[in-house]
Protein chains: 2
Amino acid sequence: MTLQATPLRLATSAPDFEAAFKARLHWAADTDAAIEQRVADILADVQQRGDAAVLEYTRRFDGLEADSLAALALDPAELKAAFDALPDAQRNALEAAARRVRSYHEAQKKASGESWSYRDEDGTLLGQKVTPLDRVGIYVPGGKAAYPSSVLMNAIPAHVAGVGEIVMVVPTPRGEKNPLVLAAAHVAGVTRAFTIGGAQAVAALAYGTATVPAVDKITGPGNAYVAAAKRRVFGTVGIDMIAGPSEILVLADGSTPPDWVAMDLFSQAEHDELAQSILLCPDAAYIDAVQREIDRLLPAMPRREIIAASLNGRGALIHTRDMEEACAISNRIAPEHLEVSSREPQRWEPLLKHAGAIFLGAFTSESLGDYCAGPNHVLPTSGTARFSSPLGVYDFQKRSSLIEVSEAGARALGPIAAELAYGEGLQAHARAAELRLEGRP
Amino acid sequence: MTLQATPLRLATSAPDFEAAFKARLHWAADTDAAIEQRVADILADVQQRGDAAVLEYTRRFDGLEADSLAALALDPAELKAAFDALPDAQRNALEAAARRVRSYHEAQKKASGESWSYRDEDGTLLGQKVTPLDRVGIYVPGGKAAYPSSVLMNAIPAHVAGVGEIVMVVPTPRGEKNPLVLAAAHVAGVTRAFTIGGAQAVAALAYGTATVPAVDKITGPGNAYVAAAKRRVFGTVGIDMIAGPSEILVLADGSTPPDWVAMDLFSQAEHDELAQSILLCPDAAYIDAVQREIDRLLPAMPRREIIAASLNGRGALIHTRDMEEACAISNRIAPEHLEVSSREPQRWEPLLKHAGAIFLGAFTSESLGDYCAGPNHVLPTSGTARFSSPLGVYDFQKRSSLIEVSEAGARALGPIAAELAYGEGLQAHARAAELRLEGRP
């Protein structure tokens, strides 16, 4: 039987649209009680036994033997050697991508990550001091989903933020190292690396062991064990969002070559069977053309089985009444990746309120953004773009409020604070403000 | 027996300092399995039965009867009436505090919360669009910890961010409303309010019911049930940090009147028995003087029992070798509130890396910041200032990356993206980039 990829065809004008649309969007992160319990046990064990526990789990889960955790450390020279040994084309591409990602995040830091302060009319200073985190951990998955681009996207913002130490962990099942991942770590400014993974690596980073230093925040994707471990150590350390399946939404006015759009839908679908690719378009004939391109292009794709499973199971081609309605539906979805494949992307952009990243115009394929346009490819999934943001320099900084009340300011503010403090029944708060009213004794 | 408040006296030069210091700092948020289970049940019930479940729990836990959830809504007119009925002094203080908090957060938005973009040499546009959340929920505790200042500190940043709808929930046990809380909601720009609380209110905000609209993020403090509920709905909605006990650290050079410092330590200790007040000072005689002021001032404090329990159980007066060492210890603690009670606060400020808010100079009592200096009083506790920030306008905004690749840009970026995508085995990504190389067909 020929492999077919046929995303669900919907039309907003159909009476059953709402129910079918909701059903297709539905995705719930299952929490597996068995995984939760095993992760809790691993965390407790690493917290108690440190290096010995990490070594034991690494042996058991990754089939990797070592006498000590220090033997699983990768020093900067080894990372550099991996970089130097790459073929020229890969080395140059990695460097070019890193340069662009760095330059974008430097602009981001300048636009929104600098300290600020002002003085009010009483000479009181108010502001915020922005400082980098001292030490962060970057989790990099091993095996089939070992993406060097993820190393760049996690480590470079941390490096630009000025983080003192960037510790990477990456599992290497049976000792097999991915040279592109090590090379990316070199380019991105990773300080130290350990070939450990899973919940045991998250535990080592969160609590620290004799060999692995405790970090202040852990970012980076991972499997269900890693996600569960990150959730559990949240509070002891900071974490980034827990990612769901990747998604693309293409908002098309019909002016982009349909094979370009078909390939963009594929490029999301090829990630995994749960990935979601959706097209919104007011032109039914164009949707037909995209489906024809899907049929034509699929057989040549090496990952066609995954693409077909994803498009058949979760994909959708939605015919809308007009572009305005397409924008409104996009806002309901709050997609991770949003392509505005239109001749007039700037016309629609102001209508788009919720999305991880917005790719404007036919030339802006998501894949350019995934690797090298500059912006981060770690983006909020599963509708969380309603309330969260791309990974950025700000995730590796924190803010401290600065207040220096002048003597005149203390006289002006004291009565206000005291009135409110008495109203809340907090008399020491009130008295502390009142003591400053008369100046130094 | 006379009530005594005697914080633990430590000296960094003592051989047992490290152990005693660590023991005093130790605080672990217990997770209570019984609470967890009850909260999970309440969330599931509200998700399924909506209004009816919320009404039932409100009857059971708050002793408040109502025919419908709509009957528990407070309309804007009722909030305004509460404000208008306040005594002049309270109304003026509330307005003055709100004005200053608003003006600080407007400066914050301008400094770090505006959209930005630039074009690179190929004409490719890169940037970030910053937009407000559509709708947020503010949890306000009822009963003894009903603080109108918390309403201001949670709602004003949301209002300044441009959030479309700010929904407040506040439990009113047996129907008893706190007029200052209602008045603060009016001043702060709350859109709608419901007199519900506990896990059931968090569930209503996260999932939505027929009467309570689903929000995108929930902020605000609460008891153990509220905290557990917020943790569980995280992902469906955004949440702020889960707060631990409040803390103050005073870094003193001995130049501030010792009664001012004693009262500042009280003003943290009076919150609750678990609150932590610590003094770091290189001058032993000054520490003695502060202890004498504690003894002298305590009997007159209405909340002296709580203050004594907090200072005896968790307080510390620490003699350091010098101010530099005091700064280093402060960085290890990463306190929520940090007073630099020195003649030279600007000399020490650059050494201070981790703190929620830094109060510079003798006139800057923490209580002025708590109520009306302008900066937010919702701050990271329990050492989480190592990686997190005060509540701010940024918590009510999210960012979308903007990318518009020009035709020339697509030619420059395509080969880089393709090289890396092939390296990762993601051929559709590579093909999507390559299709753009030749321009439109």
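Residue numbers start from 1 in every chain, and the chains themselves are labelled A, B, ... in the order their sequence lines are given, proteins ahead of strands.
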(request) Could you look at B/F234 and say if it's the side chain, the backbone, both or neither that has a heavy atom under 4.5 Å from chain A? (result) both
(message) Just so I understand: if I count every heavy-atom pair under 4.5 Å between each of A/E407, A/Q90, A/K217 and chain B, which residue has the most?
(response) A/E407
(request) For A/F387 and B/L133, work out which heavy atoms get closest and say how close. (result) CB-CD2, 3.8 Å
(message) If I measure from the heavy atoms of chain A, does B/Y118 come under 4.5 Å with its side chain, its backbone, both, or neither?
(response) side chain
(request) With a 4.5 angstrom heavy-atom cut-off, could you sort out which part of B/S406 is near chain A: side chain, backbone, both or neither? (result) backbone
(message) Please classify the contact of A/A373 with chain B as side chain, backbone, both or neither, using a heavy-atom distance under 4.5 Å.
(response) both
(message) With a 4.5 angstrom heavy-atom cut-off, is it the side chain or the backbone of B/P87 that approaches chain A, or both, or neither?
(response) neither
(request) Decide, yes or no, whether a salt bridge links B/D134 with A/R386 under the criterion of side-chain N to carboxylate O below 4.0 Å. (result) no
(request) With a 4.5 angstrom heavy-atom cut-off, could you sort out which part of A/R100 is near chain B: side chain, backbone, both or neither? (result) side chain
(request) Determine whether the side chains of B/Y371 and A/E424 contain a donor N or O and an acceptor N or O closer than 3.5 Å. (result) yes
(request) Provide the closest heavy-atom pair for B/G439 versus A/W260 in the form atom of the first, atom of the second, distance. (result) O-CZ2, 3.5 Å
(request) Find the distance between CE (B/M263) and CZ (A/R436) and round it off to the nearest 0.5 Å. (result) 9.5 Å
(request) Measure A/S103 against the heavy atoms of chain B and call it side chain, backbone, both or neither at under 4.5 Å. (result) both
(message) Looking at every heavy atom in both A/L126 and B/P375, which two are closest together, and how far apart are they?
(response) CD2-CD, 3.7 Å
(request) Give, as side chain, backbone, both or neither, the part of B/D259 having an atom under 4.5 angstrom from any heavy atom of chain A. (result) both
(message) Tell me whether A/R399 forms a cation-pi arrangement with B/Y394, defined as NZ or CZ under 6.0 Å from the six-membered ring centre and within 45 degrees of its axis.
(response) yes
(request) Could you tell me which non-hydrogen atom of B/L420 sits nearest to which non-hydrogen atom of A/L94, and how far apart they are? (result) CD2-CD1, 3.8 Å
(request) For A/P390 and B/Q128, work out which heavy atoms get closest and say how close. (result) CG-NE2, 3.8 Å
(message) Which atoms of B/A97 are under 4.5 Å from chain A, going by heavy atoms: the side chain, the backbone, both sets, or neither?
(response) both
(message) Could you check whether any side-chain N or O of B/E419 sits under 3.5 Å from a backbone N or O of A/A93, counting only pairs where one atom can act as donor and the other as acceptor?
(response) no
(request) With a 4.5 angstrom heavy-atom cut-off, could you sort out which part of B/A430 is near chain A: side chain, backbone, both or neither? (result) neither
(request) Look at A/M301, A/H354, A/Q268 and state which one has the largest set of heavy-atom pairs under 4.5 Å with chain B. (result) A/H354
(request) Any chance you could measure A/K129, atom NZ, to B/S389, atom OG, to the nearest 0.5 Å? (result) 13.0 Å
(request) Considering only NZ, NE, NH1 and NH2 on the basic side and carboxylate oxygens on the acidic side, decide whether B/D264 and A/R431 come within less than 4.0 Å. (result) no
(message) Quick check: closest heavy atoms across A/S400 and B/I358, and the distance to 0.1 Å?
(response) CB-CD1, 4.2 Å
(message) Need one label for A/S382: side chain, backbone, both or neither, based on atoms under 4.5 Å from any heavy atom in chain B.
(response) neither
(message) For B/T384, which atoms come within 4.5 Å of any heavy atom of chain A: side chain, backbone, both, or neither?
(response) side chain
(message) Under 4.5 Å from any heavy atom of chain A, what part of B/L180 do you find: side chain, backbone, both or neither?
(response) side chain
(request) Give the ring-plane orientation class for B/H429 versus A/H271, where under 30° counts as parallel, over 60° as perpendicular and anything between as tilted. (result) perpendicular
(request) Using non-hydrogen atoms and a 4.5 Å limit, figure out which bit of B/P148 sits close to chain A: side chain, backbone, both or neither. (result) both
(message) If we define contacts as heavy-atom pairs under 4.5 Å, which of A/T124, A/V237, A/T131 has the most with chain B?
(response) A/V237
(request) With a 4.5 angstrom heavy-atom cut-off, could you sort out which part of A/A362 is near chain B: side chain, backbone, both or neither? (result) both
(request) Nearest 0.5 Å please: distance from the CD atom of B/E114 over to the OG atom of A/S112. (result) 10.5 Å
(request) Side chain from CB out, backbone as N, CA, C, O: work out which of these in B/D370 comes under 4.5 Å of a heavy atom of chain A, or both, or neither. (result) side chain
